[in-house]
Every structure is written in structure tokens, then in C-alpha cells.
Protein chains: 2
Amino acid sequence: MPKISDARRDARRNQILEAAQRAFAAKGYQHTSMAEVIAEAELSTGAVYGYFDGKRDLFAAVAKQVLGRRNADLVAAAADGSPPAPAEVLEIVLDGTRSEGLDLRLLVQLWGEATVDPEMRDVVNAGVKVLGGAFRAALRRWFEVHPEHAPDGADVAAENLVPVLMGMGQGFIFQSAMLDGFDSRAYLDGARRILPH
Amino acid sequence: MPKISDARRDARRNQILEAAQRAFAAKGYQHTSMAEVIAEAELSTGAVYGYFDGKRDLFAAVAKQVLGRRNADLVAAAADGSPPAPAEVLEIVLDGTRSEGLDLRLLVQLWGEATVDPEMRDVVNAGVKVLGGAFRAALRRWFEVHPEHAPDGADVAAENLVPVLMGMGQGFIFQSAMLDGFDSRAYLDGARRILPH
DNA sequence: CCATAAAGAACGAGCGTTCGTTTTTATTGA
DNA sequence: TCAATAAAAACGAACGCTCGTTCTTTATGG
């Protein structure tokens, strides 16, 4: 089989994905041309189109990868040790983005695109659903250990908290990406103060 | 002398602004062509370009109008009656968007564009700043009446809460615009449960 | 050696904007 | 009161440019 080896193929694919992530984060999905992505990847048009169907497909792949990594963080952190408190759950996910050096503007751009593009919307919905499940599981474990905060049971308490807690995360992402002089410490302090602990 | 009357001019300007808001909300800023905005406004290219410098300027104007209205809601509600509780502050702003029939996807699109376009970023920053001021003022008044929730004084308590509370609002906007089967009631219930009351 | 990956020039659709022309409007002089 | 007029607003065809994609050619890994 005169084909490229799997290792080579994966490496190329990754090379393109990382270049696309950098380019999209810097200039925005809509404002980045395929030519720019291609230049950033140090490849040719034909090569890139051999790996992805087009610009849209490329952005979706970048988004899936990023969202997948966020979920992995949370699952890993929740698996070992004592259950994290609500505020800690938030911090685990947000710290993950920081340590990875993820440009949060990329996520906000994804949101914007997803309001209008059904394929992207599906990607976001799937990502939120998976991440929401991880949030719920982590919170349930914590409420089980802290029944004083869960008068109606850990399940109900977790269920009620998930949307708002994720909302606080989304608010963090938005403000961090957008606001001049955003103080992430102050934001998380404020969150810690109102969340059960 | 032979110029159009101010009333006429304002009406035309509004006609364009409203058409643009509808068009952008439906298809997204980037995916909406000027031709579509112009058709929606039932005017000609030249007419629209007589009122706005271009597509970007038009979107900025729409955004400013929308953000301005949100702020007006809050200021009005906070002015009369007893100070609203934190959760109520949130509801006032979010209810305003609903009663106006504002498509929240428009805001998420604005965010996305603002990550990449300095002019839009300024619009968003200014909007958040003004709205944040209104939040702060409303919260301070409530904490003054409920000192049991403000051990370090109403000013500090309000200051600490503003970013997270706005974050919860941004989370609401995102989820409402994006998630299939979003339950706004459940979201606000969850918020009410953790916010001081 | 040849199947296929990579290259990159070329294409054509779609876009925002411009500009020369036509229509409408408010004013003015009879 | 009402033409006449000049200023402007509105019109819409056309332009020039960008960009995503395709396709033919060349290089190369197995």
C-alpha cells in the first residue's frame, strides 16, 4: 500500500489542527482565510484539503478537540481524591484552559458561529451536554458528603446547581475574553462566596 | 433649507436599524449581506449608505441601541420601589430582553465579533461598564437594607457580587441562545437558591 | 515503481461599496 | 395658494477584490 504511515498522517493532521487553532484564535474564524491557516501550517492548499473537507469542517474539528480536553480535565480531577466543592469544580475547568494556554476568545467565537450554523450548534450542544454530565456527577458526590446543603437529596441539589454553575463558567469565559482589566481572582472569589461550601 | 425633516430622517434611520437587527439576528452578522439588510429595510443601497458608513457601523449602532435599552430597564426598575434582591436584579434585565422580543443570539454574535474587532470590543466594554454600574448601584441599595448579608459593608458586598452576577446573566444569555431545551425557569431558580435573599 | 500525498496556480461566486442618475422634498416668489 | 426651483435623498447597476475551493501537475514514501 503506497500510502503514508499512520504516524505521519496523524502528525500532519495535528499540525493542521494546531495551526488552525492559533490562526482562528488570533484573527477570528470569519476573519481568517484558508490561505492564512495554510501558511501557518506551513503546508499547501492541496495538503490541507486532503485532511479536512473545508474551513467549516476544520473549525468544527478544532472545537471538538478543545471541548474534549476540557471534559477530560474535569473527569480526571473528579476521579481521584475527595469530591471537589462547587467552586473548585469551576476552577478545575477554568484552570485547565489556562494551563493549556487556550485563548478563550476562540470559545466565544465558536458560540457566535454556533448561533447561526447548525453544525457548530451541534458541536456546542454536544460539548455542553458532556461537560454538564461531568459537572453533575462531581457535584452529586460533593453533596452526598455535605448533606447539610442538600435538604432534598444530593441528586436534586446537583441537578439544580448545574445550569447556574456552568453559567458562571460561561460568564467567566466571556469576561475573560472580552473585558479590559478583567480580574479573574475577584470573579472566582465572588463565586466562592455565594456557592455552598 | 431643502433638507429632509428631522422626523423623517429619524424614521428612516430607525427603519434601517430595525431591519438590520432582524436580519443579523436571523442569519448572523457575518452571514448577512448588505443586500439582505437593504431588502429587509425596503430601501436602496444608496439610501442605507447615506445613513451609515457601512456594515460594521450598522452593527455597532444596533448593538449600542440594544445595550442601551437593557441599561434603561435596570435604572428604571431600581429607581422606584424597594431595592430589588440580587436575583431580582438579574430577572429585571433578562425579562427586559424577553418582553422586547430581543433575539439573544444577536448578543452572542456581538460577543464573537467583539473578540476580533476592536470597534465592537469597545462597544461591548462600554455596555458592560454602564450596565455594571447599574448593577452595583442596585445591589448596594439592597445590601444597605440587608446588612446581615454584608459583614464588610454594603459597598464591598456589592462590589464583590457584581462580576459573578453579571456572569450569571451572560451564562443565561449563552444557554438561552444556544442550548436545545434550555429551561430558563430552572436556571433562575438555581440562581435564586445560591444568591443572598 | 506506482499509488497517493502534496503542491500551487487558476477559477468563479459573492461580497461590500461607489457613483452617476433619477426622484422627492422643502422652500420661495408671484 | 401654488408652481418653480435647487438641494438632497434615494436609487441600483457596476466594480473590484477577496476568498474558499478545485484540479492538474509534481514529488515521494512504501
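Chain naming here is simple, since letters A, B, ... match the order of the sequence lines and numbering starts at 1 in each.
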Asks: The criterion is salt bridge (charged side-chain N to carboxylate O under 4.0 Å, His left out); which residues satisfy it with B:Arg193, sequence neighbours excluded?
Replies: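 For B:Arg193 there are no salt bridge (charged side-chain N to carboxylate O under 4.0 Å, His left out) partners, ignoring immediate neighbours.
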Asks: Can A:Gln30 and B:His31 be counted as having a side-chain donor-acceptor contact under 3.5 angstrom?
Replies: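 Yes, side-chain donor-acceptor contact under 3.5 Å.
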Asks: I need the residues from residues 16-34 of chain A with at least one non-hydrogen atom less than 4.0 Å from DNA chain C; give them sorted by number, or say none.
Replies: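 Hits under 4.0 Å, by residue number: none.
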Asks: Would a distance-only check, ignoring hydrogens and angles, find a side-chain to backbone donor-acceptor pair under 3.5 Å from B:Ser176 to B:Ile173?
Replies: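 Not at all, since once roles are kept as given, no pair shorter than 3.5 Å links the two residues.
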Asks: Taking the six-membered ring of B:Phe135 (Phe, Tyr or Trp), confirm whether the NZ or CZ of B:Arg140 is under 6.0 Å from its centre and within 45° of its axis.
Replies: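 Geometry flag: not set, cation outside 6.0 Å or 45°.
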Asks: For A:Asp10, which residues count as a side-chain contact (heavy atoms from CB on, under 4.5 Å) partner, sequence neighbours excluded?
Replies: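 side-chain contact (heavy atoms from CB on, under 4.5 Å) list for A:Asp10, sorted by chain: empty.
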Asks: Less than 6.0 angstrom from the centroid, inside 45 degrees of the normal: does B:Arg9 satisfy that with respect to the ring of B:Tyr51?
Replies: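 Because its charged atom sits under 6.0 Å from the ring centre and within 45° of the axis, B:Arg9 does stack over B:Tyr51.
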Asks: Find the distance B:Arg9:CZ to D:dA7:C1' and express it as a whole number of Å.
Replies: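 So the CZ-C1' distance, B:Arg9 to D:dA7, works out to 14 Å.
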Asks: Distances for protein N/O vs nucleotides 11-13 of chain D N/O pairs under 3.5 angstrom?
Replies:
unit_1	atom_1	unit_2	atom_2	d
D:dC11	OP2	B:Ser44	N	2.7
D:dC11	OP2	B:Ser44	OG	2.8
D:dC11	O5'	B:Ser44	OG	3.1
D:dG12	N7	B:Thr45	OG1	3.4
D:dG12	O6	B:Gly46	N	3.2

Asks: Assign the ring pair A:His149 / A:His146 to parallel, tilted or perpendicular, where the plane angle (0 to 90°) is split at 30° and 60°.
Replies: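 Rings of A:His149 and A:His146: tilted, 30 to 60°.
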Asks: Return yes if a side-chain donor-acceptor contact under 3.5 Å exists between B:Glu113 and A:Gln109, otherwise no.
Replies: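 Result is no, nothing qualifies.
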Asks: Looking at A:Asp73, A:Val162, A:Asn71, which one forms a side-chain contact (heavy atoms from CB on, under 4.5 Å) with A:Leu131?
Replies: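 Per the side-chain contact (heavy atoms from CB on, under 4.5 Å) rule, the option paired with A:Leu131 is A:Asn71, out of A:Asp73, A:Val162, A:Asn71.
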Asks: What is the distance, to the nearest angstrom, from the CG atom on B:Asp6 to the C1' atom on C:dT25?
Replies: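 In whole Å, C:dT25 C1' and B:Asp6 CG are 14 Å from each other.
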Asks: Find the bend of the helix from C:dC1-D:dG30 to C:dA30-D:dT1 as the angle between its two terminal axes (five pairs each), to the nearest 10°.
Replies: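 The value is 20°.
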Asks: Counting only heavy atoms and a strict 4.0 angstrom limit, can you tell me which residues of residues 50-61 of chain B come near DNA chain C?
Replies: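 Nucleic-acid contacts, sorted: B:Gly54, B:Lys55.
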Asks: With a sphere of 6.0 Å drawn around CG of A:Asp6, does it hold more than 12 non-hydrogen atoms of other residues, nucleotides or ligands?
Replies: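 Counting neighbours around CG of A:Asp6, 12 or fewer heavy atoms of other residues, nucleotides or ligands fall under 6.0 Å, so no.
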Asks: Decide if atom CD of B:Glu42 counts as having more than 12 heavy atoms of other residues, nucleotides or ligands within a radius under 6.0 Å.
Replies: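 Check fails, neighbour count at 12 or below.
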Asks: B:Gln170 and A:Gln170: side-chain donor and acceptor closer than 3.5 Å?
Replies: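 Short answer, no.
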Asks: Would you call the rings of A:Tyr29 and A:Phe59 parallel, tilted or perpendicular, where under 30° means parallel and over 60° means perpendicular?
Replies: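 Rings of A:Tyr29 and A:Phe59: parallel, as their planes differ by under 30°.
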Asks: Return no unless some side-chain N or O of B:Arg8 is found under 4.0 Å from OP1 or OP2 of C:dA26.
Replies: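 For C:dA26, OP1/OP2 do have a side-chain N/O of B:Arg8 under 4.0 Å.
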